[in-house]
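Residue numbering restarts at 1 for every chain, and letters A, B, ... go by the order of the sequence lines. Any value given below was found using the heavy atoms of this structure, including those in side chains, with hydrogens, waters and symmetry copies removed. Predicted model only: the values in this text are computed from it and were never measured.
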There are 2 protein chains.
Amino acid sequence: MAEAPAGSAARRRGSGAVTIADVAAAAAVSKQTVSNVMNYPEKVRAETRERVRRAVAELGFQPNRMARALRSSTAGMIACRIEPVSSRSLAPFHDRFLHALAEAGQAVGRHLMLFAVDDAESEAATCVRLVRTGAVEGVVLYNVVPGDLRPPVLLEAGVPFVCFGRVPGLDDAGAWVDVDNAAGVAAVVDHLAEAGHRRIGFLGFPDGHRVGDDRADGWVAAMDRHGLLAGSHRFDTRGEDTWTSGAKMARGLLDRAGAPTALVAVSDTLAAGALQAIRDLGLAPGHDVALVGYDDTPSAEVLDLSSVRQPLAEVGRRIVEVLCPTGGATVPAPSLLRPELVVRGSSRRRA
Amino acid sequence: MAEAPAGSAARRRGSGAVTIADVAAAAAVSKQTVSNVMNYPEKVRAETRERVRRAVAELGFQPNRMARALRSSTAGMIACRIEPVSSRSLAPFHDRFLHALAEAGQAVGRHLMLFAVDDAESEAATCVRLVRTGAVEGVVLYNVVPGDLRPPVLLEAGVPFVCFGRVPGLDDAGAWVDVDNAAGVAAVVDHLAEAGHRRIGFLGFPDGHRVGDDRADGWVAAMDRHGLLAGSHRFDTRGEDTWTSGAKMARGLLDRAGAPTALVAVSDTLAAGALQAIRDLGLAPGHDVALVGYDDTPSAEVLDLSSVRQPLAEVGRRIVEVLCPTGGATVPAPSLLRPELVVRGSSRRRA
DNA sequence: CAGGATCGTTTTAACGATCAAGCCGCAGCG
DNA sequence: CGCTGCGGCTTGATCGTTAAAACGATCCTG
């Protein structure tokens, strides 16, 4: 490990760093005044404030976080589980969620602590322990599904938490933030219908998971709204979230008479597979067949693939706002955010 | 946000949780004895220990982390930057690194704190601040390249750190852990050569980045060792780390006389593209053309693609060991770990 | 049997900050 | 003149824990 050089610019004293007492001595004021300068500058006369500020700068003073946390019993941290990378999907979505959370947290002076556990049960236990030991102020639950066993446990234990994912029973507490999956897919259908497409195929996930089901519902609802639902069950395909599966589903849809002129995929992985299938059939994506993916992963940009972007930054901000209320007096309601369709070449031109 | 119910099983007192003083009172001993029971049980008489233990269990006491951190000035945390998801690669590698780090940290009682910054410069500044404020004991630098400006800054500031990625100047301090990229690719070439392949193509990254260059060196060295280097520069292709680019490079190599019978790709993304190209040419992966990727991402398993697995768990353990030395008296040397080749169908059968 | 070593526990004192009074001087006001 | 109010600072207590010293009692040991 890299060791500290004997004498560096910012001076260390004895065993530890420079404390508020050192600053106080240097500026010839009391510790409390230094504290005030740091936290409530308007409470201190300008002249004194300047003197203290100079001392702070000269000594390179940085208030000790643990001491502050102890005294004011605010850890300045929130926790979230980091899940093992699943082989289900190629899309690095969890990554981006954590990044958004970290960024949103920092904006209000909170840091993000990660922990790794094997299952939901130990996740709940760990969350309880982290809050009980004062390590964090609250926790974030990722990918919450109906019937999830984590919320009730945390509720019972009195642990502040916010879910990413709808929780039906918690509607009044503002304890969840979600992105409207149905609306996202519906927006895609709207976009395609406006461009004149009448036969719009759907590449979805197998039934039985919240996200996939919501997206499928969005397709059905929007198709119905445009009067395109009749007979379109032929265009409803489902499969695992893999590239291969996407290619297969697309081939199945396109390789027949009366094939769809547009495809809606519920992930960029599926869409990437579909893209290849389209090309394999000698068709031009965006021209012969329109194609839209989901999640706006980096690959979507590379592939010039239209995709639905989830407002992750906003999700992070809301979560943090609920967990660590700043100025806003009112406790916010649970948020159902609208995703945004990013139109690229794969769906821009009329089929 | 979910609120604490009025009365839950684990009792809260007044404004806060149960403290060591409560336990002491309940067990009719001093606070210090309780502390000893928690930290040095052998120092306390068995009978007393039992009594204290009962009180701890009854009250559900959990020592306050901040207080402990303050008193013993060990934060129990390490920090690492979470990078924005790059559009360069589809592989969620950073994810897995963070997971490994979190897990390794927990094994020795350390938690992982994330922070988000825009560039390397502010990363260094943030690291310094985090350590100076006592928030973390040390930091981990991800993806360190030669000439990286972060190590010198941290060194100067006396911040304990460990790099993932070789740092030539720091060889004596054990300040880095790396995986031998050249050895990984060489192992692939060995594997293919043993299977009888003589013409082995290379799908690499453009020159100028450490990881890519190391892997290219590995190919050259191993080819040379097997006496296959002569004329094989025709088989050396380079391109961006995208699926499309991989497909194009593979097509370029395979679609001519005297084509390679095996391909080494330096990422699974490139390999996935190559896989498609192979199929497009009517060839059978693993039979007509052997193919091996790199990083053993989830997609490799799905695609039945041989790949080189980096020992991330071990990387995490070493990093943590250096940052937070446990029992081992000796400061470990910098670690250059060997990756492991995972053979799957794409390279199992003789071409 | 005095003097020291040992054991198990308590007491005291931090760790570095913030909170809540308290104090002092000066202005305003009856 | 004296009382109150207030800005500006200091003092003392405190958050919950642990390190280190103190302490009384018992046990050796020469």
Engineer: Is A/S73 touching bases, backbone alone, or none of the nucleic acid, heavy atoms closer than 4.0 Å?
Structural biologist: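 A/S73: no heavy atom of the nucleic acid under 4.0 Å.
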Engineer: CD1/A/I82 to CG/B/L98 distance, rounded to the nearest 0.5 angstrom?
Structural biologist: 5.0 Å
Engineer: List in chain and number order the residues that pass side chain to side chain contact (heavy atoms under 4.5 Å, CB included) with A/T133, two or more places apart in sequence or in another chain; answer none if no residue qualifies.
Structural biologist: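 For A/T133, the residues satisfying side chain to side chain contact (heavy atoms under 4.5 Å, CB included) (neighbours in sequence not counted) are A/R129, A/A135, B/Q62, B/R65.
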Engineer: What residues from residues 32-45 of chain A pass a heavy-atom cutoff of under 4.0 Å to DNA chain D?
Structural biologist: A/Q32, A/T33, A/V44, A/R45
Engineer: For B/A26, give me all partners under side chain to side chain contact (heavy atoms under 4.5 Å, CB included), at least two apart in sequence or on another chain.
Structural biologist: B/A55, B/L59
Engineer: Any donor-acceptor pair, under 3.5 Å, between the side chain of B/R71 and the base of D/dT17, if you only look at N and O atoms?
Structural biologist: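 A donor-acceptor contact between them is absent.
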Engineer: Classify the side chain of B/K31 and the base of D/dT17 as holding, or not holding, a donor-acceptor pair under 3.5 Å.
Structural biologist: yes
Engineer: Rounded to the nearest 0.5 Å, what separates atom CZ in A/R68 from atom CG in A/N39?
Structural biologist: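 Reported value, rounded in 0.5 Å steps: 5.0 Å.
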Engineer: Rounded to the nearest 0.5 Å, what separation is found between the SG atom of B/C80 and the CG atom of B/L141?
Structural biologist: 7.5 Å
Engineer: Quickly work out the A/N64 CG to D/dT17 P distance and round it to whole Å.
Structural biologist: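 From A/N64 CG to D/dT17 P: 17 Å.
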Engineer: Give me the bend of the helix from C/dG4-D/dC27 to C/dG30-D/dC1, using the axes of the five pairs at each end, rounded to 10°.
Structural biologist: 70°
Engineer: Evaluate A/E47 against A/R51 for salt bridge (Lys or Arg N to Asp or Glu O under 4.0 Å), listing each step before the verdict.
Structural biologist: CA-CA 6 Å; A/E47 186 191 341; A/R51 189 153 35 97; 5.5 Å; no
Engineer: In terms of side-chain heavy atoms of A/P63, which of D/dC9, D/dT17, C/dA17 is nearest?
Structural biologist: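 Closest of the options to the side chain of A/P63: C/dA17.
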Engineer: What is the distance, to the nearest angstrom, from the CD atom on A/Q62 to the P atom on C/dA17?
Structural biologist: 11 Å
Engineer: Taking atom C1' of C/dG16 as reference, at what distance in whole Å does atom CG of A/L59 sit?
Structural biologist: 15 Å
Engineer: When the nearest nucleotide of DNA chain C is assigned to A/L70 and to B/E47 on a heavy-atom basis, which residue is associated with the more 5' position?
Structural biologist: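 This one resolves to B/E47.
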Engineer: Return the value, rounded to whole Å, for the distance between atom CE of A/M66 and atom P of C/dG16.
Structural biologist: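 Whole-Å distance recorded here is 13 Å.
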Engineer: Decide yes or no for B/F115 and B/L130: does some side-chain heavy atom of the first lie under 4.5 Å from some side-chain heavy atom of the second?
Structural biologist: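 Contact flag for B/F115/B/L130 side chains = yes.
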Engineer: Is B/T19 near enough to D/dG16 that one of its side-chain N or O atoms lies under 4.0 angstrom from OP1 or OP2?
Structural biologist: no
Engineer: Are any non-hydrogen side-chain atoms of A/D178 and A/L337 less than 4.5 angstrom apart?
Structural biologist: no
Engineer: What class does the angle between the rings of B/F97 and B/F164 fall in, given that below 30° is parallel, 30 to 60° is tilted and above 60° is perpendicular?
Structural biologist: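 Judged by the thresholds at 30° and 60°, the geometry between B/F97 and B/F164 is parallel.
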Engineer: Nearest nucleotide by nearest heavy atom, which residue falls closer to the 5' end of DNA chain C, A/I20 or B/R51?
Structural biologist: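 Nearer the 5' end of the strand: B/R51.
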Engineer: For residues 116-124 of chain A, please give each side-chain donor-acceptor pair under 3.5 Å, one per line with the distance, not counting sequence neighbours.
Structural biologist:
from	atom 1	to	atom 2	distance (Å)
A/D119	OD1	A/E121	N	3.2
A/D119	OD1	A/S122	N	2.8
A/D119	OD1	A/S122	OG	2.6
A/S122	OG	A/D119	O	3.3
A/E123	OE1	A/R81	NH1	3.3
A/E123	OE1	A/R150	NH1	3.0
A/E123	OE2	A/R150	NH1	3.2

Engineer: With rounding to the nearest 0.5 angstrom, report the CZ to CD distance, A/R317 to A/E314.
Structural biologist: 4.5 Å
Engineer: Quick test: give all pairs of protein nitrogen or oxygen and nucleotides 22-24 of chain C nitrogen or oxygen below 3.5 Å, distance rounded to 0.1 Å.
Structural biologist:
none

